[in-house]
Amino acid sequence: MKNKIDNLLRPSSFDTFFGQEDVTNQLKIHIFSAKNRKTVLNHILFYGPPGLGKTSLANILANEMGNKLITITAISLEKVPDLISILGQLEPGDILFIDEIHRLKIELCEILYSAMEDFKIYVSYKNDENTKLLTLNLAPFTLIGATTNIGCISKPLYDRFPLIFKLNYYDEKTLWKIIDHNKKIFSLNIDSSLYNLIIERSRFTPRYLNNILFKISDYSLYYGLKKIEEDDLIKAFKCMKINEGGLTFEDIEIIKIIGKNFSNKPISLESVASMLNEDVNNIKNINEPFLVRSNIILRTKRGRMLSQKGLKILEKYS
Ligand code: ADP
């Protein structure tokens, strides 16, 4: 059942993919031209924090082009033959979506270089003690890569994407439209005057927004609410641990480390990461952009500090 809702929530065309017009307007032009020229779409790289629509756009592109989408995550690819087998099975026009492409092993990236450029793979093998080179011809295909960590993609791989798009956090107007559209999928009866309370907690990210809608929808079903009024919503936030400002447990830990453990003296992200026992890149690409955008953390030359707003939040959670 949940999967069914998830499927309904994932936009299948540009009509239900709200916002990011800078990106979608360009994509529409490339789709039109590829169709017009009867060529495959150029390889595309999407980057930005999780939940902003990278996978959704890959789905939409496949639908709009009328081509099959094959989805894999980079960490699930272990060995060179795994990738060769996937590439070898592609049919003309197929779209291969590799999520978290920055985690692709270097020897697999090397296979992709010629596959992307010439639709060919060169494989060396031993025959009678001689090393021979075999060329495999591939069907023309489109590679769509997605990453939350653009800085970790090797330069040669990055350079082979003719189209590179950054997805940004969403503004209130767009999140408003997403709630207004998705509340019907959840059969939620809620006035638009209350949308802002949800948007405030959404981390400017559609995935989080949908998670909140899920929780509120479960809450209202459980309590048999025909319509959600403001006090119901506040109670639901409290009960379902939907924090003000959309802060996650990890964000609050980061705020405490900077403000309490380091007395709000400038501190490097590496120090925060080591105290949290977390990969610094995760904090850099997932938590920090949101905390900086929300004006909770200040990125100074000497390190990260809490703003006045951050200090107020620290007081609340201490
Ligand atoms: P990413 O791949 O960047 O992590 P997804 O494409 O998986 O993000 O998005 C997560 C969910 O958020 C989608 O399933 C969809 O429900 C919703 N979503 C993302 N972007 C949009 C958008 N622009 N309009 C409507 N819903 C969106």
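Whatever order the structure lists ligands and atoms in, that order sets their numbers, starting from 1. Numbers for residues simply follow the sequence, beginning at 1. Side-chain atoms are counted along with the backbone in the values below, which use heavy atoms only and exclude waters and symmetry mates.
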Name the residues in contact with ligand 1, where contact means a heavy atom under 4.0 Å away: which are they? Leu9, Arg10, Pro11, Thr16, Phe17, Phe18, Pro50, Gly51, Leu52, Gly53, Lys54, Thr55, Ser56, Tyr170, Ile178, Pro206, Arg207, Asn210
Sequence neighbours excluded, the answer for ring-ring contact (aromatic ring centres under 6.0 Å, His included) partners of His43 is Phe141
Return the orientation label for the Phe204 and Phe290 ring planes: parallel under 30°, perpendicular over 60°, tilted otherwise. tilted
Among pairs that include at least one residue of residues 15-36, which meet ring-ring contact (aromatic ring centres under 6.0 Å, His included), considering only residues two or more places apart or in two chains? Phe18-His181
In terms of side-chain heavy atoms, does Ser56 have a donor or acceptor partner in Asn59 at a distance below 3.5 Å? no
Work out which heavy atom in Tyr122 is nearest to a heavy atom in Lys120; give both atom names and the distance. OH-CD, 3.4 Å
Which pairs would a plain distance check flag for residues 182-189, meaning a side-chain donor or acceptor within less than 3.5 Å of a matching protein atom at least two apart in sequence or in another chain?
residue : atom : partner : partner atom : Å
Asn182  : ND2  : Asn210  : OD1          : 2.8
Lys183  : NZ   : Ile190  : O            : 2.9
Lys183  : NZ   : Tyr195  : OH           : 2.9
Lys184  : NZ   : Asp180  : O            : 3.1
Asn189  : ND2  : Lys226  : O            : 3.3

